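What follows is one structure encoded as structure tokens, with my remarks underneath.
Naming: A, B, ... by sequence-line order, numbering from 1 per chain. Please read all numbers here as calculations on a predicted model, not as lab measurements.
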Amino acid sequence: MKPEKQSPSFNPTSFEQKWRQYWEKQGVYQPDLKSAKKPYYNLMMFPYPSAEGLHVGNMYAFTGADINGRYQRMKGFDVFEPIGLDGFGIHSENYALKVGRHPKEQAKISAKNYYRQLHAIGNGFAFKNTLETYDPDYYRWTQWIFVQMFKHGLAYRKKSPLNFCPSCKTVLADEQVINGLCERCKSQVEKREMEQWFFKITDYAEKLLQNTFKQSFQWSDKVKIGQRNWIGKKEGIIINYSITQLSNNPITITPNTISCFTTRPDTNFGATFVVLAPEHPFVNVILNLFQDPKKIPDQARLAEATAKRVRNDIKVKEIKDYVERAKSKSEMDRIAEGRKKTGVFTGFYAINQLTNNKMPIYITDFVLGHVGTGAVVGVPGHDLRDFQFAKEFNLPIIRVVVGKDGDKTEITREEQIQEEEGTMINSSFLDGKDIHEATKIIMDYFVEKGCGKRVIEYKLRDWCISRQRYWGAPIPMINCPVCGWQPVPEDQLPVLLPDLEDWKPEGTGKGPLAKLSSFVKTKCPKCGGEAKRETDVCDTFLDSSWYFLRYPSVNIEHKTKNIEQKSDTDTSEVARRDSSDGGGISKQLPWDHEITRRWLPVTQYIGGAEHTVLHLLYARFVTMALKDWRYIDFEEPFSRFYAHGLIIAEGAKMSKSRGNVVIPDVYIAKYGADALRTYLMFLGPFDQGGDFRDTGIAGMYRFLGRVWRLVFSVILIPTASREKNPDRISENAGDPSSFRNTGTPQDDTLRRVMHHTIKEVTEDLENFRYNTAIAHIMEFVNQLTDNLQLITNNHIKSLLLMLAPFAPHMTEELWHKFHLTKLEQLDKLSSIHLHPWPLYDPKYLVEEEVTMVIQVNGKTREIIKIQNSESGIQNKVEEEAKTSEKIKKYLVGMTIRKVIFVPGRLINFVIS
RNA sequence: GCCGAGGUGGCGGAAUUGGUAGACGCGCAGGUCUCAAAAACCUGUGGGCCUCAAAGCUCAUGAGGGUUCGAUUCCCUCCCUCGGCACCA
């Protein structure tokens, strides 16, 4: 049979779907989860369906992650690459609100469309292991985690001023407030005093921080640093100052000290005032004391004259007004006022025990109630804010540090403030000491004198978990008037989210579930009496804090026997924990122990850096807690994390509000998924993202077309070389030993280029340098195109194998066309995607002749070819260089002062 | 203000133990094929000078200094863009 001379036209839509069906049918991307030998858990952050569908930004992230998965699979790993939908929570609910559909209905529609797109991009997903966070089988366990948090004392209720989004009508975690705006809807966030559920993530602050320094914690630096900054560890001291008044007959107050946290006690000789946050407890002490003169307590009952004087000193009304005003101010109002310092004097003084000065105590809104002790000792000479405050209230400013500029004059301008480094002055026993040394000395001093205590503070605060919304996992707690808060018994989980007609948020401070009395009314699990269910739902980020544990075990029946099957040699805490637990359903876990052991922690996690202090921190916290409760035996969920860049369009981040969202579907229909995938990976470094352009994708389509025709030219028109090497389906692509050596220079060149390309592409893929990997493949293709008659089977195989992770459909099509296999003959192992990655042999990288640069005084004047064997010998190269007419011209009449020789690279004559 | 990432042709971007700046692609220009177009293919493509041409010279990696035989790369000062945090004591 003679092959037709014309290659079929390159039409991706004619074969892409066919191969996706084949992959799925044959289970090409379904590893044996129970007994895989070389497990590689390749995970990408799952999407939340909060729009019409995936945009190219999502596709960029998924494709980049998928290329790693495909590469690792070809390297011989059993790659598990699951995908699912983070469909519970406020993102999806807001979208449902927007389109005016019930979230449950919308979820079905979104799921269908998202999964259609996720198929269409051609990733090696394990589609048998999908999960959706709104599935009761899933959120049952989200609730179970909540119950465990409660049982272990990590879930608690607290009343505090919280971030409230008036548009989403719910409270938000600190991590979800960006510049005072709601992370989701960009509305102005208000402060509201509410009682809510919190998770004690702060208990893990130190571990969350310390683990980021471990060698094994291989994360993108920017995310590591971002987490460290967010945790914000500070070592300092709490100093207690006695409180006094100017009056001769001071009233007694309790407490009679003020505690201030500071990291810079070295400057305390320069402390001249104390400032309190409006929320500070002492403020209430004052207000209660003097609100009504009759309420002055007995022990403080004063002579009328004294009382009057005290009331004059302490302007109660002014204080009250200031505090109320401060508390009602929104973040935005504060910013709008600039950084102008305001405050009110309390009438009380704190005694600086170093100088015996009476430091006036003020209330000011620049001190934050939740930071440190909510009270700050003011050192106006060496802190910008303290300086501004002192200026505003005419308080004394004392210099106690001399900076490197040596300026010892009085501090009157902001530029004179030394904060970072310097030497102590005007500080008695600290004089002349470096500030860091002085800090240690003074800390010891305070501790010894009994008026200070070293402390470690963190910026990280507890995770507010309650949301006054409908579309989330109901918080599985019951409030009994007799027994207090009780968790829903584990065998009664899930607490199903009821179908609610009236599900829209109202902003009353309660979630929509509160309106459903059949849901609210329940029995106390402890005493059996009438009780009420919690009606708030969990934050979405709890859903996604453990999903990676679930994926590998999605299809596992929860049989108690898989817990008891442990061998005696298995001494892990986890095993003992499992088998010593009580009977019944509570024994079950949402993950299979053996599978979890095999696959977790996640080998490679890939996602956006925007989750640095959100999902990535929460998932680490939940994993640590599960480890401490002995449900798993590792404490870090993601061994490696790679933060990809963002795709921008029209110069801005893709977002619905900007209207610059690019939908991949049209491009897939026009150019095929392969062209879009390869284009996205080519447009810039994967960690930097890039700007999406139509013209670029057309160019990539042309490139793939060139590859298509190149491969068909070999399939259809056998050349002399090809006939000499007729074993069309040999499995030795890239195996260096399979190469004949004809000795012709062109043959050698092509072979060298191939090995060089394999080397470069392999190294690039190891480091997520997809753009340069593609560039190298392109150069290889250009070389092949220029030497059509010299192409061998191995060139084509190597080319297809290297291109396979990027263009999985087309390479699969060409692979089988090349091997003349028929679709119906194919089994799983025929797939190019399970073929071993090509290897290179360094010995074929060596060139006969190398290019050397000849410089005169550091400027390149000539480029010569020289035998590789001689390129490392200075005499030879120098001799050769001096025969060059051009170089002679430069050297004539000059003296060579020095010759710099870099073997194999250049020679430089320094002349004068 | 602090932390992080960047600044290279018309555009996206290559190039690192300091050694040919601009790989690869887009775009553009010219050409081949065609009645024509599309597609495809070929050639050229940083600026300036010089030349009929070839060759050559010269400038150029945000700005300015420095180290070096040699700097996109290292050091100092500064400017700009993007991302994150932000009155955090």
If you look at every strand shown and take non-hydrogen atoms under 4.0 Å, does [X] touch a base, only sugar-phosphate, or nothing?
{"X": "A:Tyr890", "value": "sugar-phosphate"}
{"X": "A:Thr851", "value": "base"}
{"X": "A:Arg905", "value": "sugar-phosphate"}
{"X": "A:Leu683", "value": "sugar-phosphate"}

(Q) If the condition is ring-ring contact (aromatic ring centres under 6.0 Å, His included), which residues does A:Phe10 pass it with, not counting sequence neighbours? (A) A:Tyr701, A:Trp708
Q: Give a yes or no on this: more than 12 heavy atoms of other residues, nucleotides or ligands lie within 6.0 Å of atom NZ of A:Lys888.
A: yes
Q. Take atom CZ in A:Arg905; do more than 12 heavy atoms of anything else shown fall under 6.0 Å from it?
A. no
(Q) Is B:G9 syn or anti, taking syn as a glycosidic angle within 90° of 0? (A) syn
Q.
Checking side-chain polar atoms at under 3.5 Å, does A:Gln388 have a donor or acceptor matched by the opposite partner on A:Glu414?
A. yes
Q) Taking protein heavy atoms under 4.0 Å as touching, what does nucleotides 24-34 of chain B look like 5' to 3' if B marks base contact, S marks sugar-phosphate-only contact and - marks none? A) BSSS-------
Which whole-number value in Å describes the distance from [X] [atom1] to [N] [atom2]?
{"X": "A:Asn163", "N": "B:A86", "atom1": "CG", "atom2": "P", "answer": "10 Å"}
{"X": "A:Phe366", "N": "B:A86", "atom1": "CZ", "atom2": "C1'", "answer": "15 Å"}
{"X": "A:Lys224", "N": "B:C85", "atom1": "NZ", "atom2": "P", "answer": "20 Å"}
{"X": "A:Lys222", "N": "B:C85", "atom1": "NZ", "atom2": "P", "answer": "13 Å"}
{"X": "A:Ile225", "N": "B:G84", "atom1": "CD1", "atom2": "C1'", "answer": "12 Å"}

Euclidean distance for [atom1], [N] against [M] (whole angstrom):
{"N": "B:G18", "M": "B:C26", "atom1": "C1'", "value": "31 Å"}
{"N": "B:C78", "M": "B:C28", "atom1": "P", "value": "44 Å"}
{"N": "B:U72", "M": "B:C85", "atom1": "C1'", "value": "31 Å"}
{"N": "B:G56", "M": "B:A5", "atom1": "C1'", "value": "42 Å"}
{"N": "B:A36", "M": "B:U45", "atom1": "P", "value": "29 Å"}
{"N": "B:C75", "M": "B:G9", "atom1": "P", "value": "23 Å"}
{"N": "B:A60", "M": "B:G48", "atom1": "C1'", "value": "10 Å"}
{"N": "B:G22", "M": "B:G27", "atom1": "P", "value": "22 Å"}

Minimum-distance nucleotide (side-chain atoms of [X] versus [options]):
{"X": "A:Thr860", "options": "B:G6, B:C85, B:U20", "value": "B:U20"}
{"X": "A:Trp230", "options": "B:A14, B:A86, B:C3", "value": "B:A86"}
{"X": "A:Arg709", "options": "B:C59, B:C88, B:A40", "value": "B:A40"}

Q.
As a check on the pairing definition, encode RNA chain B in dot-bracket form, counting Watson-Crick and G-U wobble pairs whose two distances are under 3.5 Å, and using | for partners outside this strand.
A. (((((((..(((......[....)))((((((.......))))))((((......))))..(((((..]....))))))))))))....
Q: Inspect the contact between A:Lys234 and A:Glu457 and indicate whether a charged nitrogen and a carboxylate oxygen are less than 4.0 angstrom apart.
A: no
(Q) The criterion is side chain to side chain contact (heavy atoms under 4.5 Å, CB included); which residues satisfy it with A:Glu766, sequence neighbours excluded? (A) A:Tyr71, A:Lys75
Q.
I'd like to check the side chain to side chain contact (heavy atoms under 4.5 Å, CB included) partners of A:Val275; sequence neighbours left out, ordered by chain and number.
A. A:Phe273, A:Tyr362, A:Thr364, A:Phe366, A:Val367, A:Val376, A:Phe389
Q. Which atom names give the shortest non-hydrogen contact between A:Val856 and A:Ile887, and what distance separates them?
A. CG2-CD1, 4.2 Å
Distance below 4.0 Å between [X] side-chain N/O and [N] OP1 or OP2:
{"X": "A:Lys886", "N": "B:G56", "result": "yes"}
{"X": "A:Lys234", "N": "B:A89", "result": "yes"}
{"X": "A:Asn229", "N": "B:C2", "result": "no"}
{"X": "A:Lys859", "N": "B:C59", "result": "yes"}
{"X": "A:Arg861", "N": "B:U58", "result": "yes"}

Check nucleotides 67-69 of chain B against the protein and report each pair of N or O atoms closer than 3.5 Å, with its distance, or say if there are none.
residue : atom : partner  : partner atom : Å
B:C69   : O2   : A:Asn908 : ND2          : 2.1

Q) For the side chain of A:Asp462 and the backbone of A:Ile201, is there at least one donor-acceptor N/O pair under 3.5 Å apart? A) yes
Q: Using modelled atom types only, decide if a donor and an acceptor are shared between the side chain of A:Arg677 and the backbone of A:Pro805 within a distance under 3.5 Å.
A: yes
Q) Is a donor-acceptor pair below 3.5 Å formed from side chain A:Lys341 to base B:C87, judging by atom type as modelled? A) yes
Q: Using the six-membered ring of A:Trp230, assess whether NZ or CZ of A:Arg461 lies under 6.0 Å from its centre and within 45 degrees of the ring axis.
A: no
Q.
So, applying ring pair (Phe, Tyr, Trp, His ring centres under 6.0 Å) with A:Phe692, which one of A:Tyr60, A:Phe682, A:Tyr667 is it?
A. A:Tyr667
